Amino acid sequence: GDSVTQMEGPVTLSEEAFLTINCTYTATGYPSLFWYVQYPGEGLQLLLKATKADDKGSNKGFEATYRKETTSFHLEKGSVQVSDSAVYFCALTKGTGNQFYFGTGTSLTVIP
Amino acid sequence: NAGVTQTPKFQVLKTGQSMTLQCAQDMNHNSMYWYRQDPGMGLRLIYYSASEGTTDKGEVPNGYNVSRLNKREFSLRLESAAPSQTSVYFCASSEQGNSNQPQHFGDGTRLSIL
């Protein structure tokens, strides 16, 4: 079945460090891929998305490229801030989009 | 711009009590979802409704029932609460028939069962 695997956390970085959170997926066909962010005490918010191979999604300095050859959608940011501390979820959907498959989430803490 | 609204935000129940979690969206979305979030487990789908008048089981439906009251509202009911149902519950909505569109989430209901 379809699934998403993302790197275990927690991740702790110093401010201005480079961030990579790995995400790989298993799916037949052509899924759409998403990164969501969850701040403490809140629901998930869409961070970025990519809907076909080689697309790059970007938002707030975060980027992820849809790599069909490696079935990956890794999240990157060149210089993290304390305000980026949150839990990040990778997700996919496909077809009619009636079901979403989420990874288990990666907790990021950025220290000053 | 409310989006997805969940009530209540917090609730404490005793084992065996019943309650209904409410969810409403104002984005004219056809599809609505209920998830639970537990530490180390990520999000697990309880039930979803692809359109008004239809509901389907997700990954963890046991102990829950749902009602799609109309296009806007999708409620989740615990008939006889158990400590294993202590969790954070999220409602979400999305357009149906378009996998390019994301889900929109409420802020969650934090439920403790003693």
Side-chain angles (χ1 to χ4, degrees), chain A residues 1-10 21 23-25 27-53 55 57 59 62 64 66 73 86-107, chain B residues 1-7 9-10 21 23 25 27 29-52 54-61 68 74 88-110:
Chain A
D2 299 334
S3 65
V4 173
T5 302
Q6 61 181 105
M7 65 185 285
E8 297 277 335
I21 300 178
C23 171
T24 57
Y25 67 90
T28 57
Y30 303 93
S32 295
L33 302 173
F34 304 85
W35 276 102
Y36 288 83
V37 58
Q38 183 182 32
Y39 298 104
E42 299 183 8
L44 280 69
Q45 305 172 26
L46 178 68
L47 181 60
L48 53 84
K49 69 177 185 181
T51 58
K52 61 183 187 294
D55 267 2
N59 186 25
F62 291 89
Y66 187 163
F73 192 54
V87 180
Y88 293 81
F89 291 89
C90 186
L92 74 81
T93 189
K94 67 178 188 181
T96 57
N98 280 333
Q99 288 206 44
F100 283 70
Y101 300 89
F102 287 86
T104 53
T106 301
S107 176
Chain B
N1 191 11
V4 179
T5 302
Q6 291 184 237
T7 55
K9 294 189 183 304
F10 302 94
L21 280 61
C23 174
Q25 53 92 7
M27 294 172 284
H29 285 163
N30 285 307
S31 297
M32 298 185 72
Y33 312 79
W34 277 105
Y35 293 92
R36 59 179 290 174
Q37 185 179 33
D38 302 293
M41 304 288 288
L43 288 172
R44 292 185 291 171
L45 182 66
I46 304 171
Y47 272 93
Y48 70 100
S49 171
S51 61
E52 186 178 354
T54 68
T55 61
D56 287 285
K57 295 178 180 180
E59 181 183 356
V60 289
R68 184 73 183 267
F74 188 40
V88 182
Y89 291 85
F90 288 99
C91 178
S93 69
S94 69
E95 291 186 26
Q96 184 193 22
N98 188 345
S99 64
N100 294 340
Q101 297 304 314
Q103 290 186 325
H104 298 260
F105 285 82
D107 285 341
T109 294
R110 285 146 185 83

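Since the model is a prediction, treat every value here as computed from it, not as a measurement.
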Checklist outcome for this item: Assert top hit (heavy-atom pairs under 4.5 Å, partner chain B, pool A/Ala50, A/Gly41, A/Ser107) equals A/Gly41
Next on the checklist: So which residue, A/Phe102, A/Phe89, A/Tyr101, ends up with the most heavy-atom pairs under 4.5 Å with chain B?
Outcome noted: A/Phe102
Next on the checklist: At a 4.5 Å cut-off on heavy atoms, which part of A/Leu46 comes close to chain B: side chain, backbone, both, or neither?
Outcome noted: side chain
Item to check | Residue pair B/Gln103 / A/Tyr36, side-chain heavy-atom distance below 4.5 Å | outcome: yes
Item to check | Per-residue contact mode, A/Gln45 against chain B (heavy atom under 4.5 angstrom) | outcome: neither
Checklist entry - Which heavy atom in A/Gln38 sits nearest to a heavy atom in B/Phe90, and how many Å separate them? => result NE2-CZ, 3.2 Å
Checklist entry - Under a 4.5 Å heavy-atom cutoff, which of B/His104, B/Arg110, B/Arg44 has the most pairs with chain A? => result B/Arg110
Checklist entry - Given that the side chain runs from C-beta out, which part of B/Gln37 has a heavy atom under 4.5 Å from chain A: side chain, backbone, both or neither? => result side chain
Checklist entry - Is the CD atom of A/Glu42 crowded by more than 12 outside heavy atoms at less than 6.0 Å? => result yes
